[in-house]
J.: 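Shown below is the structure under consideration.
Basis for what follows: all heavy atoms, side chains included, without hydrogens, waters or symmetry-related copies.
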Amino acid sequence: MLLDFFYHLRERGLPVSIQEHLTLLDALCKGIMPPTLDDFYHLSRLVLIKDETLYDRFDLAFGEFYQPQLEALAKDKTLPEDWLRKTLTRNLSPEQKAALEKHGLDKLLEMFKERLQEQQGRHAGGSKWIGTGGSSPFGHGGYHPEGIRIGGPSAGNRTAIKVWEKREFVDYDDQQELGTRNFKMALRRLRRFARQGAPTELDLDSTIRETARNAGMLDLQMQAERQNRVNVLMLLDVGGSMDDHIAQVESLFSAARSEFKHLEAYYFHNCVYESLWRHNSRRQSERLDTWDLLRKYNEDWRIIIVGDATMSPYEIMAPGGSVEHYNKETGAAWLQKLNDHWPRIAWLNPEPQAYWPYRQSIAIIQNLMSDRMYPVTSAGLEEAMRYLSR
């Protein structure tokens, strides 16, 4: 029973043992869970996966194995399904795009409430109602300079100022080793070595000196291991447009885990606001107040923010601009607090540097960070580490 599932997980590099597989079968036989795919997912992850950093890899493997069932479960149930089925896309000229009206955040939310009350059927390719493929500010798959994306993926324009859906993010895999060597070499420029702890390695110079003093009688001298004692705090953007950079950021995160003994990591989405979280699976229930973060980590810590800085400018400059909640203070205000508290802080941007001039939000954050934004390349990392090691 479930042998194909067991072998599928092993083929995807998950360390699932036969004993754990038998434990899962025993749990299923005892009927401790309802017979649903969602409950089976949680039970199998609980029994088979013992390391939280492997949750992302397990989710991908589980999704591949049960793709048809997952697609059925993932259907949007907030609005009628056919309203958000993309059947056509209008191709707008640059002039038509430039002519579309921007309404502002408050008016846009008011208009959205009105559409929900008035709309009676599905629309595609339109300019007013909730639908797909058009120039309406509500729906997905089309274009509007300031809209609310609903029930589908981004069309690649990155212009939505609110996203109306339950968003599930996963932690970055810090065991990802492919392509991390260059990152490790660059990160080693951020070093502060010290010898602490028990003497565990041979001190060759002292051994030669003491042996000579003893007229040739060997006198072994030991010393503590020389370790990088720098303290690093990483703030990682996750979800949304960052999905395009998962492999690159996982390689960077894995390299950082390897190079820095004292590394702490927290997540945010798009911009830092009043709270962050350690685990994306518990981001709604276990958030840390950003003020507590400022109190917990003193100015001796080096801060590395990783994010593509690609979002609506409202998310940075306006109260309530976050796509997920109402933030009383702007993202710009919180970034300023971070800069004031930590004198050594840098932003690493995985978005190709050639695209930076075309993203208004990147220019805003670059200015807020006093130009301490660096590309996630070997050269960019080396430059960032040289700044942080001052």
J.: Quick check on Ile18: does its CD1 atom have over 12 non-hydrogen neighbours (other residues, nucleotides or ligands) under 6.0 Å away?
T.: no

J.: Are Arg287 and Glu274 within salt-bridge range, i.e. N to O under 4.0 Å?
T.: no

J.: Would you sort out whether Phe65 and Asp4 count as a side-chain contact (heavy atoms from CB on, under 4.5 Å), showing the intermediate values?
T.: CA-CA 9 Å; Phe65 194 80; Asp4 290 342; 4.0 Å; yes

J.: Can Met242 be reached from Tyr358 by stepping across I, L, V, M, F, W or Y side chains whose heavy atoms are under 4.5 Å apart?
T.: no

J.: Apply side-chain contact (heavy atoms from CB on, under 4.5 Å) to the pair Met373 and Asn349, showing each step before the final yes or no.
T.: CA-CA 7 Å; Met373 180 180 285; Asn349 192 335; 3.6 Å; yes

J.: Any chain of hydrophobic side-chain contacts (each under 4.5 Å) joining Leu335 to Trp291?
T.: yes

J.: I'd like to know if Lys296 and Glu264 make a salt bridge, using a cut-off of under 4.0 Å between side-chain N and carboxylate O.
T.: no

J.: When hydrophobic residues are tied together by side-chain contacts of less than 4.5 Å, even through go-betweens, does Leu46 share a cluster with Leu28?
T.: no

J.: Please identify each residue that fulfils side chain to side chain donor-acceptor pair (under 3.5 Å) with Asn298, with sequence neighbours left out.
T.: none

J.: Just jot down the side chain to side chain donor-acceptor pair (under 3.5 Å) partners of Tyr355, sequence neighbours excluded, or say none.
T.: none

J.: For the residue pair Ile304 and Leu388, establish whether any side-chain heavy-atom pair is separated by less than 4.5 Å.
T.: yes

J.: Got a donor-acceptor contact below 3.5 angstrom from the His341 side chain to the Tyr297 backbone?
T.: yes

J.: Let me know which of Val238, Ile305, Thr290, Leu236 forms a side chain to side chain contact (heavy atoms under 4.5 Å, CB included) with Phe268.
T.: Ile305

J.: Checking the side chain of Asp237 only, and the main-chain atoms of Asn270 only, is there a donor and an acceptor separated by less than 3.5 Å?
T.: yes

J.: Students often mix this up, so state it plainly: with edges at 30° and 60°, are the rings of Phe62 and Phe40 parallel, tilted or perpendicular?
T.: tilted

J.: Thinking salt bridges, do Arg213 and Glu210 make one under a 4.0 Å N-O criterion?
T.: yes

J.: Verify whether one side chain among Tyr267 and Arg278 offers a donor that lies under 3.5 Å from an acceptor in the other.
T.: no

J.: Please walk me through it: do Arg12 and Glu64 pass salt bridge (Lys or Arg N to Asp or Glu O under 4.0 Å)?
T.: CA-CA 10 Å; Arg12 297 305 182 271; Glu64 290 175 1; 2.7 Å; yes

J.: With no hydrogens and no angle check, do the side chains of Trp342 and Asn339 hold a donor and an acceptor under 3.5 Å apart?
T.: no

J.: Going hydrophobic residue to hydrophobic residue with side-chain gaps under 4.5 angstrom, can you get from Leu14 over to Leu25?
T.: yes

J.: Between Asp340 and Lys337, does any NZ, NE, NH1 or NH2 come within less than 4.0 Å of an OD or OE carboxylate oxygen?
T.: no

J.: Given the ring of Phe58, does Arg45 sit roughly above its face, with NZ or CZ under 6.0 Å from the centre of the six-membered ring and within 45° of the axis?
T.: no

J.: I'd like to know whether Leu381 forms a side-chain contact (heavy atoms from CB on, under 4.5 Å) with Leu252, so could you lay out the CA-CA distance, the side-chain angles of the two residues, the decisive distance to 0.1 Å, and finally the verdict.
T.: CA-CA 10 Å; Leu381 284 176; Leu252 173 64; 4.0 Å; yes

J.: Hey, are Asp205 and Arg209 close enough for a salt bridge, meaning a charged N less than 4.0 Å from a carboxylate O?
T.: no

J.: Look at the aromatic rings of Tyr273 and His325 and report parallel, tilted or perpendicular, splitting at 30° and 60°.
T.: perpendicular

J.: Give the C-alpha distance, both sets of side-chain angles, the deciding distance and a yes or no for side-chain contact (heavy atoms from CB on, under 4.5 Å) between Ile345 and Arg372.
T.: CA-CA 8 Å; Ile345 182 171; Arg372 290 169 295 179; 3.6 Å; yes

J.: CG/Asn231 to CD/Glu299 distance, rounded to the nearest 0.5 angstrom?
T.: 12.5 Å

J.: Classify the ring geometry between Phe6 and His21 as parallel (under 30°), tilted (30 to 60°) or perpendicular (over 60°).
T.: tilted

J.: Quick check: do Leu368 and Ile316 have side-chain heavy atoms less than 4.5 Å from each other?
T.: yes

J.: Less than 4.5 Å apart, side chain to side chain, heavy atoms only: is that true for Glu315 and Ser322?
T.: no

J.: Does Met311 reach the side chain of Ile365, with side-chain heavy atoms less than 4.5 Å apart?
T.: yes

J.: Please check: side-chain N/O of Thr211 versus main-chain N/O of Thr207, any donor-acceptor pairing under 3.5 Å?
T.: yes

J.: Do Leu202 and Gln221 come within less than 4.5 Å of each other through their side chains, counting heavy atoms only?
T.: no

J.: Has Asn214 got a side-chain atom pairing as donor or acceptor with Gly216's backbone, closer than 3.5 angstrom?
T.: no

J.: Under 4.5 Å between side-chain heavy atoms, counting indirect links through other Ile/Leu/Val/Met/Phe/Trp/Tyr residues: same cluster for Leu43 and Leu22 or not?
T.: yes

